[in-house]
Protein chains: 2
Amino acid sequence: MAKFSRTDNCKNCVDCNKKIPLFQLLSQSELTDLNTSRFEVKFKAGETIFKQGTSATHLLIITSGLAKFYVEGVQERQLIIRIVKPWEVVGQASLYFDNRHHYSVAALVDCTACFIEIESFKKMIRQNSAFAEEFITQCTQKGVFSYEKMVSLSQKQMHGRIADGILYLSKKIYESNQFSLHLSRQDIADLTGMSKDSAIRILKEFHHEGIIELDGRNLNVLNSEQLERISETG
Amino acid sequence: MAKFSRTDNCKNCVDCNKKIPLFQLLSQSELTDLNTSRFEVKFKAGETIFKQGTSATHLLIITSGLAKFYVEGVQERQLIIRIVKPWEVVGQASLYFDNRHHYSVAALVDCTACFIEIESFKKMIRQNSAFAEEFITQCTQKGVFSYEKMVSLSQKQMHGRIADGILYLSKKIYESNQFSLHLSRQDIADLTGMSKDSAIRILKEFHHEGIIELDGRNLNVLNSEQLERISETG
DNA sequence: GTTATTTGCTGATAAATGTCGATTTGAATT
DNA sequence: AATTCAAATCGACATTTATCAGCAAATAAC
C-alpha cells in the first residue's frame with residue numbers, strides 16, 4: 001500500500017463538502033472537526049489505495065480520478081464490486097465490523113484521495129442523527145445493489161452480464177453513451193465474472209452487431225435499449 | 001402475501017427482547033414504545049412473508065421457525081441470499097431506500113413472525129445513537145457477507161459452491177454437524193446458484209466420497225475440513 | 001529507433017454446467 | 001391398500017464457458 005503522506009492540497013474543504021450530500025448535514029463546527037483529521041494523497045494509475053486484509057483506520061473519498069473496488073477471490077482472481085467515482089464515501093464496511101479492509105481499492109487512473117479518520121466519522125454518527133440516517137441510507141442502497149449484482153453474476157449468461165457491465169458504466173459511472181474507458185479488458189472480465197477471453201469475445205460480438213462501437217478504449221453505446229433487453233433475458 | 005392479523009401471542013415481549021442484542025440497547029420506555037406498534041402473525045411452511053415489489057411498512061423478526069430470504073431473478077429463478085433464523089432483524093434494506101421490498105421472504109417451516117412498524121424503528125435510530133450504531137454494524141456485516149457470497153457465486157465451481165452452502169447451513173444456521181434440513185434440493189440449488197439437477201449430482205458425489213451423509217433431508221457433515229478445502233480451491 | 005512487455009484478439013479444444021425425459025421415491029389423501 | 005402428486009434421481013445430450021496456444025498491436029523501456 002502506498003504510504004500516506006500529508007499534502008497541503010486539501011485547502012478547499014468547504015467547497016469539497018458541497019459536493020458530498022452526506023456532509024451537507026454537518027454543522028460548520030462539525031465540518032471543522034472532521035477537517036482536522038483529514039488528509040490528502042495522490043495515487044498514480046495502478047496503485048493500490050486500500051489493500052484487503054490490512055487494518056482500516058480511515059474512510060476514503062476520491063476527489064479526482066477513478067478507482068476500482070474489488071475483492072480478492074479464489075486463485076488470484078479479482079471480483080470488481082463497483083467503480084468508485086469522486087465524492088463517494090468508501091469504507092463503510094470497515095467502520096463497525098472488525099477494522100479490517102474486506103476489499104481492495106486501486107486507482108484506474110491518477111487519483112486524488114481524501115482520507116477521513118474513522119473515529120471522527122463515528123463521532124458524527126453519534127452526535128448527528130440526520131447524518132447517521134443518511135449514512136444508513138447509503139449502506140442499504142449498497143445492499144440492494146449487491147443483491148442485483150448477485151443475480152447478474154449467478155443467473156445471467158455472459159451476454160447478459162456484459163450488457164449489465166456496459167449499462168452500469170454508461171449510466172452510473174460515465175453518465176454518457178460515449179466515453180473513454182478506463183478499464184482494461186481484464187477489468188471488464190473481473191467486473192462481469194468471466195474470463196478475459198470471453199469478455200473480449202462478447203464485446204466484439206456486440207460491436208459487430210452494432211450494439212456498441214468499441215475501438216481500443218473508446219466505447220460508444222449505440223443501442224442501449226437492446227442492451228437492456230439482453231440484460232433482462234439473461 | 002398473507003394478511004396481517006393481530007394476535008395476542010406477543011405477550012412475552014420483554015423476554016423476546018432479551019434475545020435480540022440490538023434491542024438490549026433500548027430503554028424500558030423505548031421498548032414499550034416499540035411494542036405498541038408491534039404484532040405477530042403465524043405462517044405455514046411455504047407461505048410468503050414478504051413479497052418482492054410490495055411496499056415495505058414493517059420490519060420482520062422471526063421468533064420461531066426458519067425462512068428463506070431471496071431475490072426473484074431472471075426467468076422465475078430464485079437466488080437465496082440467506083436463511084433467516086429467529087431473532088434476526090429483517091428488512092433493513094427497505095428502511096430508508098424507497099419503501100419497497102427488494103427481496104422476498106418465505107417460510108421454510110411453520111413460522112411465527114413479529115412485525116415492527118418502520119417509523120417507530122426509525123425513531124429509535126434518531127433518538128438512540130447506540131441503537132443506530134449497532135444497527136449500522138449489522139448492515140455492514142451483511143455487506144461483507146454479500147461480497148463473500150459474490151465471490152462464491154462468480155468464481156467457484158459447483159463443488160466449491162455446494163461446499164460453501166453446506167458449511168453455511170452447518171455453521172451459521174443449524175450450528176451443528178448433523179441436522180434435519182428444511183431446504184429442498186431446489187432450495188439448495190437456489191442458494192448456490194446452479195440447477196437443481198447439478199446440486200443433486202454434487203451432493204451425491206460428496207455422499208459417495210464420505211464427506212457428508214445425506215439421506216433424504218437428514219444431513220450429517222462427516223468431514224468439514226475437507227469441505228473447507230473444497231471451498232477454498234473453488 | 002529498437003527491443004521488451006503488456007494488452008488485445010482469435011480459433012480450436014476441453015471442461016463445466018444446464019436441459020430434457022424417464023423413473024423412482026415418499027408423503028399425503030382417499 | 002390404492003391413488004395422486006410433488007420431490008428426488010439418473011443418464012444422455014446440448015450448450016455455455018474456460019483454457020490454451022499463437023499472433024498482432026500498442027505501449028513502455030532501453
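Just so we're on the same page: letters track the sequence lines, and every chain starts at 1. All figures in this text were calculated on a predicted structure; none of them were measured in a lab.
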Is the shortest side-chain N to carboxylate O distance from [X] to [Y] below 4.0 Å?
{"X": "B/Lys156", "Y": "B/Glu232", "result": "no"}
{"X": "B/Asp187", "Y": "B/Lys68", "result": "yes"}
{"X": "B/Glu72", "Y": "B/Lys51", "result": "yes"}

Mutual orientation of the aromatic rings belonging to B/Tyr147 and A/Phe69 [parallel < 30°, tilted 30-60°, perpendicular > 60°]: perpendicular
Atom [atom1] of [X] to atom [atom2] of [N]: distance rounded to whole Å?
{"X": "B/Gln155", "N": "D/dT17", "atom1": "CD", "atom2": "P", "value": "16 Å"}
{"X": "A/Glu205", "N": "C/dG8", "atom1": "CD", "atom2": "C1'", "value": "17 Å"}
{"X": "B/His207", "N": "D/dC10", "atom1": "NE2", "atom2": "P", "value": "10 Å"}
{"X": "A/His208", "N": "C/dC9", "atom1": "NE2", "atom2": "P", "value": "10 Å"}
{"X": "B/Ile200", "N": "D/dT9", "atom1": "CD1", "atom2": "P", "value": "5 Å"}
{"X": "A/Lys196", "N": "D/dA21", "atom1": "NZ", "atom2": "P", "value": "14 Å"}
{"X": "B/Asp190", "N": "D/dA8", "atom1": "CG", "atom2": "C1'", "value": "15 Å"}
{"X": "B/Leu203", "N": "D/dA8", "atom1": "CG", "atom2": "C1'", "value": "11 Å"}

If you assign each of A/Gln186 and B/Arg77 to its closest nucleotide in DNA chain C, which residue comes earlier from the 5' end? A/Gln186
Is B/Ser198 close enough to C/dG18 that one of its side-chain N or O atoms is under 4.0 Å from OP1 or OP2 there? yes
Among [options], find the nucleotide with the atom closest to the side chain of [X].
{"X": "B/Gln157", "options": "D/dT16, C/dA16, C/dG8", "result": "C/dA16"}
{"X": "B/Asp197", "options": "D/dA8, D/dA18, C/dC20", "result": "C/dC20"}
{"X": "A/Lys204", "options": "D/dA8, C/dC9, C/dT17", "result": "C/dC9"}

Go through the N and O atoms of the side chain of A/Arg201 and the base of C/dG11, and report whether any donor-acceptor pair is under 3.5 Å. yes
Give B/Ser195 one of three labels, base, sugar-phosphate or nothing, depending on what nucleic acid heavy atoms sit under 4.0 Å from its own. base
Contact class for A/Arg217 (heavy atom, under 4.0 Å): base, sugar-phosphate, or nothing?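 Sugar-phosphate, no base atom in range.
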Donor-acceptor pair, distance only, cut-off 3.5 Å: does the side chain of A/Asp110 make one with the backbone of A/Ala45? yes
Keeping the roles fixed (side chain from A/Gln155, backbone from B/Val74), state whether a donor-acceptor pair exists under 3.5 Å.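 Yes, A/Gln155 side chain to B/Val74 backbone: donor-acceptor pair under 3.5 Å.
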I'd like to know whether NZ of A/Lys85 has more than 12 heavy-atom contacts from other residues, nucleotides or ligands below 6.0 angstrom.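 For A/Lys85, atom NZ is crowded (more than 12 foreign heavy atoms under 6.0 Å).
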If each end axis of the helix from C/dG1-D/dC30 to C/dT30-D/dA1 is fitted on five C1' pair positions, the angle between them, to 10 degrees, is 50°
